[in-house]
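Below: the structure, in structure tokens.
A, B, ... follow the sequence lines: proteins, then strands. Residue 1 opens every chain.
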Amino acid sequence: MVSTAAGATSSGAGLEGEEGESIWGEDDASIAETTDVELLKRAWRNEKAAPEILLFEAGLVQRAREQIQLLEETVEDFVENGTDDLIVSLYQMDLDRSLFLLRSYLRVRLQKIEKYMFHISRTDLWNRLSEQEKKFSKRCVNAMEKHLEQSVLSRLPYGYQSILKQSISSEEDDMVPEPKLDTFVFCKSKGAVGAFQLDDVGDEIVDLVSDDLYVLRYKSIKGLVEGGRIDLV
Amino acid sequence: MYGRTASQLLRELDIADSDNLQAFNSDTCDQVIAECENHHLMLQSLIRKLEGEQLDIQTARNEDHFGAVTHHLSLLRNKRCLMAYMYNRAEVIRSLRWKVGAKLPEEIQEKLSFSEKEYFKNHSAAIESSMSELDLDLTVDMVPPKDPYIQVRVLDDIGDNLSLGDHSFSLTKNSVHSVRRTDAEQYISQGLMEEFFA
């Protein structure tokens with residue numbers, strides 16, 4: 001009961017022109033997919049399950065923040081007007097949940113940046129970060145470099161002091177931790193994707209039916225995730 | 001045997017479970033670094049010897065060449081072990097910032113090296129400035145909320161007449177309050193309160 005109430009309040013506060021009964025009566029599913037809260041939930045789930053960092057949902061985060069602020073004001077008004085405690089706590093609950101989603105989404109991203117800071121700052125994953133995340137990433141790298149420099153690297157012989165390479169004779173940067181893209185993820189497609197080729201060779205073809213659950217290697221469905229055609233769970 | 005000392009560092013990482021830090025092993029680190037220095041000296045003297053014999057280092061395949069390769073690879077291995085040791089500890093240290101907060105308790109502090117303490121401070125500062133730019137505290141709300149209010153038991157005298165949210169509480173030891181979860185979270189992570197299940 002609580003969750004429906006919370007869902008209804010959030011869509012009411014979030015999108016214009018949605019009014020209680022008529023819409024919920026028609027088609028729950030399609031409405032549920034278009035509210036910002038649902039979109040944020042999806043972005044959050046994808047971000048949590050994907051081994052590498054995904055594109056920052058700038059517009060969505062902006063909208064979510066505005067709506068959260070609106071909700072906060074509503075709750076404050078309710079408290080001042082002495083509205084029924086139950087109503088207030090339902091709104092508060094909805095507010096808390098949205099805030100959790102937003103915080104967790106941003107947090108998961110920062111923690112991914114922490115984990116793969118060197119990899120991200122050297123590849124085009126860099127362009128997936130928000131301005132503020134880029135700053136964070138730079139500061140992470142600086143702090144880490146300084147730490148490794150002074151405790152180990154500066155004390156090693158010449159030619160072995162690079163943070164990215166094992167030695168000067170390494171041709172590539174072979175000391176950079178990278179996300180494991182061939183890890184398995186659970187995913188569900190929204191619409192029927194149809195026959196999908198899992199590897200370059202074309203040996204394995206899966207017919208992705210909508211709303212079915214699959215366990216596949218992340219790297220083979222990477223493009224579908226980025227294109228928003230499939231969701232991670 | 002070459003590389004054995006360095007592997008002890010990794011074994012130490014392995015023994016401690018992922019959330020637990022052992023005291024920073026600066027003795028072993030120093031030993032491994034000295035070993036690296038040694039390998040480097042040996043490597044250079046072998047290269048000089050090869051050059052003295054007018055042999056091309058790239059193509060010569062005598063015992064000195066393979067000796068040099070062995071020293072080079074041992075050095076690389078030592079470096080990888082050292083870096084893995086530091087890097088993995090740094091990961092745990094970072095996670096502490098999220099779990100424990102900006103101030104580490106004494107028993108954790110004393111397990112860190114000087115550089116690690118500095119790293120914690122710098123990294124903390126990075127997280128804090130990031131959160132202040134966002135104007136959103138990301139270290140609360142670590143688990144999905146079930147109820148806006150929770151029951152907490154106060155574990156230590158925190159203060160009289162402290163305002164949490166809209167109300168003020170007198171947070172004396174062992175008292176139980178019903179407070180907003182978000183207000184209580186900071187105290188819980190500092191170990192001053194615990195969630196109370198009646």
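In this structure, the portions of B:A125 lying under 4.5 Å from any heavy atom of chain A include both its backbone and its side chain. Heavy atoms of A:L148 lying under 4.5 Å from chain B belong exclusively to its side chain. When heavy atoms are compared at a cutoff of 4.5 Å, B:L134 approaches chain A by way of both its backbone and its side chain. Contact annotation for A:S169: only side-chain heavy atoms (C-beta onward) come within less than 4.5 Å of a heavy atom of chain B. Contact of A:L101 with chain B is not made at all, since no heavy-atom distance falls under 4.5 Å. Looking at B:Y85, there are no atoms closer than 4.5 Å to chain A (heavy atoms on both sides), in backbone or side chain. Using a 4.5 Å cut-off between heavy atoms, A:E145 does not touch chain B at all. Within the 4.5 angstrom heavy-atom criterion, atoms from both the backbone and the side chain of B:D135 approach chain A. For A:S151, the parts lying near chain B are the backbone and the side chain together; criterion is any non-hydrogen pair under 4.5 Å. Proximity to chain A involves both the backbone and the side chain of B:I127, based on heavy atoms less than 4.5 angstrom apart. Only the side chain of A:L153 comes within contact range of chain B, judged by heavy atoms closer than 4.5 Å.
A donor-acceptor pair is defined here as one N or O able to donate and one able to accept, closer than 3.5 Å; such a pair exists between the side chain of A:R103 and the backbone of B:D137.
Taking OG from B:S115 and NZ from A:K146, the interatomic distance works out to 7.5 Å, rounded to the nearest 0.5 Å. Note: A:I68 CD1 to B:L136 CG = 7.5 Å, rounded to the nearest 0.5 Å. Summarising the geometry, atom NZ belonging to B:K79 is positioned 7.0 Å from atom CD belonging to A:Q166; distances are rounded to the nearest 0.5 Å.
Nearest approach of B:Y87 to A:P177, heavy atoms of both residues: OH-CG, 3.5 Å. Between A:Q150 and B:E118 the shortest heavy-atom distance is NE2-OE1, 3.1 Å. Between B:R94 and A:E114, the closest heavy-atom pair is NH2-O, 3.4 Å.
In this structure, B:H40 and A:L156 have side chains that are not in contact, with every pair of non-hydrogen atoms separated by 4.5 Å or more. Taking the side chain as every heavy atom from C-beta outward, B:S130 and A:Q132 approach each other to under 4.5 Å. You'll find the side chain of B:W98 reaches within 4.5 Å of the side chain of A:L110, heavy atoms only. For the pair B:H123/A:C140, a side-chain contact is recorded, criterion being any heavy-atom separation below 4.5 Å from C-beta on. Side-chain contact between B:N122 and A:H147: absent, with no pair of heavy atoms (C-beta onward) separated by less than 4.5 Å.
For chain B, the option among A:I163, A:V152, A:N142 with the highest count of heavy-atom pairs below 4.5 Å is A:V152. Ranked by heavy-atom pairs under 4.5 Å with chain B, the first of A:M175, A:K138, A:Q92, A:M144 is A:M144. Interface check for chain B: of the options A:G159, A:S170, A:A143, the most heavy-atom pairs under 4.5 Å are formed by A:A143. Among the candidates B:V32, B:L75, B:L41, the residue making the largest number of heavy-atom pairs closer than 4.5 Å to chain A is B:L75.
Heavy-atom neighbours of B:R77 CZ from other residues, nucleotides or ligands within 6.0 Å: at or below the threshold of 12. Counting non-hydrogen atoms of other residues, nucleotides and ligands closer than 6.0 Å to CG of A:N81 gives a total above 12. Surrounding CE of B:M83 are more than 12 heavy atoms belonging to other residues, nucleotides or ligands, all under 6.0 Å away. Remark: A:Q69 CD is loosely packed, at most 12 non-hydrogen atoms of other residues, nucleotides or ligands lying under 6.0 Å away. Within a 6.0 Å sphere centred on CD of B:E107, other residues, nucleotides and ligands contribute more than 12 heavy atoms. By the 6.0 Å contact criterion, NZ on A:K134 is enclosed, its count of non-hydrogen atoms from other residues, nucleotides or ligands being greater than 12. Atom NZ of A:K165 has more than 12 heavy atoms from other residues, nucleotides or ligands within 6.0 Å.
Of all residues in residues 65-73 of chain B, those placing a non-hydrogen atom less than 4.5 angstrom from a non-hydrogen atom of chain A are B:H72.
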